[in-house]
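To keep things clear, I will list the structure first and then write my remarks on it.
Start at 1 with the first residue, then count along the sequence.
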Amino acid sequence: MGIWPEVLDRIREKISEPSFDTWIKDTSIEVKDDTITVYAPNEFGRDWIETQYNDLISEIVELVTGKSYKFEYACSEKVNKYAYSSWTETSNSRQKRELEPFELWLEVLNRITTKVSLKSFDTWFSNTTIEMESETITVHAGTSFARKWLEHNAHTLISETVEEVTGKQYNIKFTCPPEVVKGEGDGFELWDEVINKLGKRILKLEVNAWFSNTMIEVENDTIHVITPDWTTANKLAETYEELIAETVKEITGKTYTFTYFDLQNKEEYTYTRLPYMNSNHSVQDPIVNKLQKRIEQLEARVRKLEKRV
């Protein structure tokens, strides 16, 4: 454990506080020869740390020790003796034990991973934590955009999953840190109508591929399009901006300027404004361009098949 407190301090500087408290804070390690075993408090936490933080942990340990280690991940002995999601059953009813908030939320997240895509989970659920008070659960999202998306799109999913785990109904609320990009409106109703109309103008495949997990904020005469990753932001800006603008004007009667934010590459509750603010700009990235050409080819083939059908 000698090096671990310093490693934890450095990890805390690299990731958000909710992520640190949820996944890293309660870990411990065992060092044997050139191997470090990282112990997480449960299986879900172990898997998440291994897939999401292995590179960061490896890099910081090498920085602290000056030595490169192999890493293994396991659960603590306490957790191996009983599952956090365990419950006792009687002949007449299933009585679940009371879970600590940390335990409850890990179990809820574990179940949600089987109900949504990995992309959705990583974007909206992975950096969340909760507080419990009486019959209310407050979900702390990492950003205002995540809070609004969860409240609009995942309220029922979270409520039902919490009830599955606890056997009780809770009032679910959502909050986020104050350091957010501010706007006049959430834009959920407008964006839902835009996507609905786009579904009648372009292939459903295109809508599902590029518009799912996106959202907007309206600020004066500007619409900020929030996307889950750089590729999606680029595709919307380069390919669909004119169509989006026409659809928005048709619905609202107003002309807006569009900007695009990449949620994946944000910095501490702020968002990177992408360099391609209008469709006249081209991004000279050979990998992305090659991927886009391949997608366009596939979309063209789908159109041909639909015509044949």
Side-chain angles (χ1 to χ4, degrees), residues 1-85 99-110 113 118 121-132 138-147 175-180 229-230 262-272:
M1 283 294 293
I3 65 168
W4 199 234
E6 183 176 353
V7 170
L8 292 180
D9 286 341
R10 294 188 181 228
I11 292 175
R12 187 193 294 270
E13 296 172 357
K14 298 288 186 180
I15 64 177
S16 69
E17 194 69 23
S19 295
F20 181 85
D21 289 344
T22 301
W23 308 112
I24 307 296
K25 181 179 178 180
D26 295 322
T27 58
S28 59
I29 63 168
E30 182 180 37
V31 182
K32 187 175 182 180
D33 299 327
D34 61 346
T35 300
I36 291 178
T37 302
V38 180
Y39 290 97
N42 56 70
E43 292 184 0
F44 183 58
R46 177 202 63 194
D47 295 342
W48 186 258
I49 293 168
E50 184 173 8
T51 57
Q52 301 295 319
Y53 295 110
N54 178 73
D55 291 345
L56 176 62
I57 291 172
S58 176
E59 177 185 331
I60 291 179
V61 167
E62 186 170 355
L63 186 65
V64 171
T65 65
K67 181 179 176 181
S68 180
Y69 286 90
K70 296 178 183 177
F71 285 86
E72 296 179 353
Y73 296 85
C75 296
S76 64
E77 291 182 3
K78 178 181 178 182
V79 175
N80 287 333
K81 291 179 181 177
Y82 60 90
Y84 276 158
S85 59
L99 301 176
E100 294 295 327
F102 176 79
E103 301 175 275
L104 166 61
W105 193 236
L106 283 178
E107 178 62 21
V108 169
L109 291 178
N110 190 24
T113 58
L118 179 60
F121 185 85
D122 288 347
T123 303
W124 308 112
F125 294 91
S126 61
N127 290 325
T128 56
T129 57
I130 65 167
E131 286 184 340
M132 298 179 66
T138 301
V139 179
H140 294 273
T143 68
S144 66
F145 299 132
R147 177 191 66 78
T175 187
C176 65
E179 302 87 351
V180 297
D229 52 57
W230 187 90
D262 173 3
L263 192 66
Q264 189 177 67
N265 294 321
K266 65 183 182 299
E267 295 180 2
E268 198 59 29
Y269 310 130
T270 62
Y271 298 83
T272 305

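Side-chain contact between I60 and K14: present, with at least one pair of heavy atoms (C-beta onward) separated by less than 4.5 Å. When side chains are defined from C-beta on, T65 does not count as touching V7, because their heavy atoms never get closer than 4.5 Å.
Atom NZ of residue K70 and atom CD1 of residue I36 lie 12.5 Å apart, to the nearest 0.5 angstrom. Rounded to the nearest 0.5 angstrom, T175 OG1 and I130 CD1 are separated by 13.5 Å. Atom CH2 of residue W124 and atom CZ of residue R147 lie 12.0 Å apart, to the nearest 0.5 angstrom. For the atom pair F71 CZ and T35 OG1, the distance stands at 9.5 Å (nearest 0.5 Å).
Ring geometry, F125 versus F121: the interplanar angle falls under 30°, so the pair is classed parallel (tilted spans 30 to 60°).
Among residues two or more places apart in sequence or in another chain, the side chain to side chain contact (heavy atoms under 4.5 Å, CB included) test is passed with K32 by none. Among residues two or more places apart in sequence or in another chain, the salt bridge (charged side-chain N to carboxylate O under 4.0 Å, His left out) test is passed with E6 by R10. Judged as a side-chain hydrogen bond (donor to acceptor under 3.5 Å, both in side chains), and not counting sequence neighbours, W23 has no contacts.
Closest approach of T37 to A74, counting heavy atoms only: CG2-CB, 4.1 Å. Heavy atoms only, all atoms of each residue included: L104 and M132 are closest at CD2-SD, 3.5 Å. When all heavy atoms of L8 and F20 are compared, the pair lying nearest together is O-CE1, 3.3 Å.
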Please list, one pair per line, the donor and acceptor atoms closer than 3.5 Å that link side chains of residues 47-59 to other protein atoms, with sequence neighbours excluded.
| residue | atom | partner | partner atom | Å |
| --- | --- | --- | --- | --- |
| T51 | OG1 | D47 | O | 3.0 |
| T51 | OG1 | W48 | O | 3.2 |
| N54 | OD1 | Y73 | OH | 2.7 |

